[in-house]
Enquirer: 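Starting off with a structure, shown below.
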There are 2 protein chains.
Amino acid sequence: MSEVQDTEAAADAAPAAAGTAPAVRPHTGRRRNEAAHRAILDAALRLLAESDGTPVTIDAIARTAGVGKQTVYRWWPSKGAVLLDALTDRADQDVHGPDTGSLGSDLQAFIATTFEAAQRDTTASALRTVAREAARDPHLAELMRSFTAARRGALRELLARGCERGELAGEADLDLIADQVYGVFWYRFLLGHAALDADTAERLASSLTRGNAAG
Amino acid sequence: MSEVQDTEAAADAAPAAAGTAPAVRPHTGRRRNEAAHRAILDAALRLLAESDGTPVTIDAIARTAGVGKQTVYRWWPSKGAVLLDALTDRADQDVHGPDTGSLGSDLQAFIATTFEAAQRDTTASALRTVAREAARDPHLAELMRSFTAARRGALRELLARGCERGELAGEADLDLIADQVYGVFWYRFLLGHAALDADTAERLASSLTRGNAAG
DNA sequence: TGTTTGCCGAGACTGTTAGTCTTGTCAAGC
DNA sequence: GCTTGACAAGACTAACAGTCTCGGCAAACA
């Protein structure tokens, strides 16, 4: 997700003919400071986790990281990009559902894991804040869309395996089932009117399995 | 939902004893202009409907309504309150689910109606904008919470009827079922990655009915 | 060693918007 | 006619995203 521009990658290109575009030349000057990069991500994550719902500002991130604002914008194109990068930085990027051989237990494990991961203290507040910011920031919204699409895709695969095994009806709408899972998750997560606990995960999994079973 | 302060309502209270709070006295001076109130709501609704995702500003509402900004704040406490009021102004406030005697058809009708209502051109854009604003505005978020709670309550009643009739298992989690409906709805409505059509409503209703049937 | 290049921190600056405050006007009642 | 309080207009404040500028410093190279 980091937007590091690699100037050196093109350094071995042939020199441009005279009179055309300026010659590609090797990188010179001071290099980007990886420590600043990390400090920004760490600061963003900490502020996100500590946020009580109020938006996290770029000024605060830069100040906390001991970094100039311009440095933030040198590495990321917008505030949203920093926030989402901070959030996904340490999370497994390749989501992989469990594969126990039974749809019921796979699904329940997947849902329970999702619920649990979002409840972890540092994550919950950060995720909520990012979701809130995404509502206003089209750039972040796009990043969130691909983020959620990846998760949904993993769940869909899990469901497809169940379908192949004949545990789900052939005409079952896998996308709708996935959206029921993530719909409940986000709805409860953002409104906070009801729990997202292991018991809920179990009920949800069994309701979905029964509701879309073959036969 | 209008936050009209009714100064006159307390006018017939007994005069305060000397030395305590100032005496309640009848209203004097120019009265509030009901036409301005309506003009603001109409302007807000129109701007919400026309909004292409960019936030609707108070300045724009006031200018469109031909009204001073202060007048807006005289009637409503915050921008969010105006927006939600504009949105709910014409909607049925008392949500009532259908009652055909069969859970399956009741549920399907309820979901289909919900999906359909949200798709109406003027509503969809307005609802999306209000949801986006609610993400940043705690006051509006609170109003939205009670707004959604009312809808969820109507759905829950519908489900409770089905439960009494024995169409749902006694141990079925009615709140979870309701949250699946509204979860899918908001998830798809806000992300826009999949349709909210009559077919989806039917599949969702039947999946929920089968997944939580008695026996 | 000295020069060039480009990142660095610091912070001033611009533009936008929510919400408040001010001013002069106008209508309702006494 | 006087008092009261709503009214339109718009100046003002405070936040915040994102840009720009500046002097400083480190990496490569001559």
Side-chain angles (χ1 to χ4, degrees), chain A residues 3-8 11 22-40 43-44 47 51 54-83 129 132-140, chain B residues 3-8 11 22-40 43-44 47 51 54-83 129 132-140:
Chain A
E3 312 271 332
V4 183
Q5 280 121 27
D6 193 355
T7 321
E8 287 145 312
V24 176
R25 46 172 191 62
H27 180 280
T28 57
R30 187 175 184 173
R31 304 309 169 82
R32 288 198 176 172
N33 184 356
E34 197 61 37
H37 183 257
R38 280 248 47 93
I40 292 166
L47 290 173
S51 162
T54 48
V56 174
T57 69
I58 285 281
D59 271 292
I61 294 175
R63 223 175 319 115
T64 306
V67 138
K69 253 167 60 156
Q70 189 54 251
T71 303
V72 177
Y73 282 104
R74 220 188 307 273
W75 292 82
W76 293 273
S78 74
K79 186 179 79 154
V82 183
L83 296 185
T129 304
R132 254 191 283 265
E133 305 261 344
R136 287 280 193 102
D137 179 343
H139 188 209
L140 180 54
Chain B
E3 313 270 334
V4 181
Q5 281 122 28
D6 193 357
T7 322
E8 287 144 312
V24 176
R25 48 174 188 62
H27 181 280
T28 57
R30 187 177 183 172
R31 305 308 170 81
R32 287 197 177 169
N33 184 356
E34 197 63 36
H37 182 258
R38 280 249 46 93
I40 292 166
L47 290 173
S51 163
T54 48
V56 174
T57 69
I58 285 280
D59 271 292
I61 294 174
R63 222 176 318 114
T64 306
V67 139
K69 252 168 60 156
Q70 190 54 252
T71 303
V72 177
Y73 283 103
R74 221 188 305 275
W75 291 82
W76 294 272
S78 74
K79 187 179 79 155
V82 183
L83 296 185
T129 304
R132 256 191 282 266
E133 306 261 344
R136 285 280 192 101
D137 179 343
H139 188 211
L140 179 54

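Side chains included, hydrogens not; waters and symmetry mates left out as well; all remaining heavy atoms used. Everything quoted here is computed from the prediction, not taken from an experiment.
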Enquirer: Using modelled atom types and a 3.5 Å cut-off, is there a donor and acceptor pairing between side-chain atoms of B/Lys79 and backbone atoms of B/Leu140?
Expert: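 Checked: no pair found.
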Enquirer: Please confirm whether the shortest side-chain N or O distance from B/Trp75 to OP1 or OP2 of D/dC7 is below 4.0 Å.
Expert: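 Yes, B/Trp75 has a side-chain N/O under 4.0 Å of OP1/OP2 on D/dC7.
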Enquirer: Of the nucleotides D/dA17, C/dC8, D/dC7, which one has an atom closest to the side chain of A/Arg74?
Expert: C/dC8
Enquirer: Would you mind reading off the distance between B/Ile61 atom CD1 and C/dT16 atom P, rounded to a whole angstrom?
Expert: 18 Å
Enquirer: Do any side-chain nitrogens or oxygens of A/Thr71 fall under 4.0 Å of OP1 or OP2 in C/dG9?
Expert: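 Yes, because at least one side-chain N or O of A/Thr71 sits under 4.0 Å from OP1 or OP2 of C/dG9.
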Enquirer: I need the minimum non-hydrogen distance between A/Ala36 and A/Val67, along with the two atoms involved.
Expert: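 Minimum heavy-atom separation between A/Ala36 and A/Val67: CB-CG2, 4.1 Å.
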Enquirer: With DNA chain C as reference, determine whether B/Ile58 or A/Gly29 sits nearer its 5' end, using the nearest nucleotide of each.
Expert: A/Gly29
Enquirer: Tell me which of B/Ser78 and B/Arg30 sits closer to the 5' end of DNA chain C, going by the nucleotide each one is nearest to.
Expert: B/Ser78
Enquirer: Using whole Å, what does the distance between atom C1' of nucleotide C/dA18 and atom CD of B/Gln70 come to?
Expert: 12 Å
Enquirer: Expressed in angstrom and rounded to an integer, what is the separation of B/Arg136 atom CZ from C/dT16 atom C1'?
Expert: 13 Å
Enquirer: Within the modelled atom types, does a donor on one side and an acceptor on the other bring the side chain of A/Lys69 and the base of C/dG9 under 3.5 Å apart?
Expert: no
Enquirer: Expressed in angstrom and rounded to an integer, what is the separation of B/Asn33 atom CG from C/dT25 atom C1'?
Expert: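 Spelled out: CG on B/Asn33 to C1' on C/dT25 is 14 Å.
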Enquirer: Whole Å only: how far is the CG atom of A/Asp137 from the C1' atom of D/dC16?
Expert: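 So the CG-C1' distance, A/Asp137 to D/dC16, works out to 13 Å.
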Enquirer: So, does A/Arg63 get its side chain near the phosphate of C/dG11, meaning an N or O under 4.0 Å from OP1 or OP2?
Expert: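 The answer is no; no side-chain N or O of A/Arg63 sits under 4.0 Å from OP1 or OP2.
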Enquirer: Less than 4.5 Å apart, side chain to side chain, heavy atoms only: is that true for A/Arg132 and A/Pro55?
Expert: no
Enquirer: Under 4.0 Å between any heavy atoms, over every strand shown, what does A/Val56 touch: base, sugar-phosphate, or nothing? Just pick one.
Expert: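 Sugar-phosphate, no base atom in range.
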Enquirer: For a side chain to side chain contact (heavy atoms under 4.5 Å, CB included) check, start with the C-alpha distance between B/Leu83 and B/Ile61, then their side-chain angles and the critical distance, and finish with the verdict.
Expert: CA-CA 10 Å; B/Leu83 296 185; B/Ile61 294 174; 4.0 Å; yes
Enquirer: Specify the separation, in whole Å, of atom CD of A/Glu133 and atom P of D/dC16.
Expert: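 Rounded to the whole Å, the gap is 11 Å.
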Enquirer: From OH of B/Tyr73 over to P of C/dT22, roughly how many Å is that when rounded to an integer?
Expert: 17 Å
Enquirer: What is the ring orientation for A/Trp75 with A/His37, classed by angle as parallel under 30°, tilted 30 to 60°, or perpendicular over 60°?
Expert: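 If you compare the ring of A/Trp75 with that of A/His37, the planes turn out tilted.
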Enquirer: Between atom CH2 in B/Trp76 and atom P in C/dT20, what is the gap in whole Å?
Expert: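 To the nearest whole Å, that distance equals 16 Å.
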